[in-house]
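Counting convention: from 1, in listed order, for ligands and their atoms alike. All figures in this text were calculated on a predicted structure; none of them were measured in a lab. Each residue takes its place number in the sequence, starting with 1.
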Amino acid sequence: MTTELTHYINGEHVKGTSGRFADVFNPATGEIQAKVPLASTAEVEAAVKIAAEVQPAWAAVNPQRRARVLMKFVDLLNRDMDKLAEALSREHGKTIPDAKGDVQRGLEVVEYCIGAPHLLKGEYTDSAGRGIDMYSMRQALGVTVGITPFNFPAMIPMWMFAPAIACGNSFILKPSERDPSVPLMLAELLEEAGLPKGVIQVVNGDKESVDALLYDPIVQSIGFVGSTPIAEYIYGTGCAQGKRVQCFGGAKNHMIIMPDADLDQAADALVGAGYGAAGERCMAISVAVPVGDETADRLIEKLIPRIDALKVGPYTAGNDVDYGPVVTSAAKQNILGLVQTGVDQGAELVVDGRDFSLQGYEEGFFVGPHLFDHVTPDMDIYKKEIFGPVLSTVRAKTYEDAIGLAMDHEYGNGTAIFTRDGDTARDFANRINIGMVGINVPIPVPLAYHTFGGWKKSVFGDLNQHGPDAFKFYTRTKTVTSRWPSGIKEGGEFSIPLMD
Ligand code: NAD
């Protein structure tokens, strides 16, 4: 039986009234398991109105008390970890350990935001002029919005709403329509933790609801994570409406393997970073760049048995699975279509996962692992983000060719270098025009107290996600210059002061 999901408005689960719904699949079986309502402009406007009404009172709660709500929320996330991970895997398809990682990496940002009282402290200049003091404070923006992708349905919403709420904003989450259940559960848990009704709301929807949020004059800021074309659209439209906007887009992450690297370590890293979560990570490695033909030949030799040994299956198989299905049948067709262009354009398909099928799960959206060799920069599989279990090998003659390749690509989210030479690693970290760099670390996702963000077409906006940047994004600075007329120190007062 398909469940009808809801919105979460003013502390209540509310049925959709637009009459429009999207199917939510179980990617492992291909079955439709729920219908998610797609909000109309009127439904969005109603949520925004509530968010605006409750926000001033929330901003007036002192930062320490706001942080205590987040403290309690962390406890509840840990209490419900298994339940959240199961719901997440059922709609997304990722393995249970990976789903727990999705919750955990969000939870760590919530923990960081518990430091809000410290992070929100302003600046003060004593005696900026004679008898004049000057101080700056960070104040909440008001109604803030997050629009999130399918691939991290717990982590990315938390990266946005935790700092937004800690700063005293109200927050409207528009999660991906592919896997909306966990975001709804997170909103419930926040209220169980003591967040007043309406401070967090979840509006499910598609382009109509996104556009309603973009054009609503009450909305002060938009955070977006998703594909680059939509990031570009939301950034342009939101900025033109005078909102504060940050958008994080797609990726094509290169891993450079130097001839001196430990190739067993590099091959293990590539298999985890290339095929983990079926390649549906913005920090997945999708391009391997061995330097020199000998390095390339040896690397491919080491990769093939590791890829052949990968276990692909449903999350219900527990720890016995390395990665699960991709999110939809359309995603699967897109991946297989791109694999075909790779073959047609002359790349060598060394591991061919096209015929992959899993007994009992024939209708699931599983994609077998693929490895290409001799990929060149003009090919579609190199230029486009595939977002599937497909690793492309581009052979570079020299280190300069390898770094140049990564620098010339339009995306700049993450990258890695595997080498034993400190000088090469240091040069790479200094020169590369990419936001997150790993040295012998394949997926260099910064921890909560640093900031996360790419460069080039992987980002639109100035400030990164989480870390200190989030507290800048979700607040405005106000600077007060104050001078007081002479007071009591000028002489004693003998009558009761009348405060008029
Ligand atoms: P997507 O762009 O299709 O969707 C993201 C969000 O935008 C969803 O909430 C969706 O409902 C909404 N949306 C989709 N089409 C829209 C339209 N025409 N107008 C307005 N809103 C629209 O992305 P996805 O497939 O859910 O996620 C995968 C993408 O996200 C990949 O490109 C991946 O690299 C990227 N991603 C980037 C980061 C990062 O930090 N840079 C992190 C995770 C994912």
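- Tested against Met158, the residues Val110, Leu70, Thr148, Asp102 include a single side chain to side chain contact (heavy atoms under 4.5 Å, CB included) partner, Val110.
- Only side-chain heavy atoms of Glu177 come within less than 4.0 Å of ligand 1; its backbone N, CA, C and O stay farther off.
- The residue among Thr148, Leu38, Asn253 with a heavy atom at the shortest distance from atom 8 (C) of ligand 1 is Thr148.
- What you find for His92 and Pro27 is that their closest heavy atoms are O-CG, 3.5 Å.
- Evaluation of the side chain to side chain donor-acceptor pair (under 3.5 Å) test over residues 323-339, restricted to residues two or more places apart or in two chains, returns none.
- Side chains of Tyr382 and His254: a donor on one and an acceptor on the other come within 3.5 Å.
- For atom 30 (O) of ligand 1, the choice among Pro153, Cys282, Gly226, Ala330 with the nearest heavy atom turns out to be Gly226.
- For atom 17 (C) of ligand 1, the nearest protein heavy atom (residue, atom name, distance) is Ile230 CD1, 3.7 Å.
- Ranked by closest heavy atom to atom 12 (C) of ligand 1, the top entry among Leu213, Ile147, Leu214 is Ile147.
- Residue contacts with ligand 1 for Phe152 are absent, since no atom lies close enough (heavy atoms, distance under 4.0 Å).
- At a 4.0 Å heavy-atom cut-off, ligand 1 does not touch Thr228 at all.
- When Ser458, Ala251, Gly249 are checked for heavy-atom proximity to atom 37 (C) of ligand 1, Gly249 turns out nearest.
- Pairs engaging residues 378-392 under the salt bridge (charged side-chain N to carboxylate O under 4.0 Å, His left out) rule: none recorded [sequence neighbours left out].
- Which of Phe387, Tyr411, Phe150, Phe248 comes nearest to atom 33 (C) of ligand 1 through a heavy atom is settled by distance: it is Phe387.
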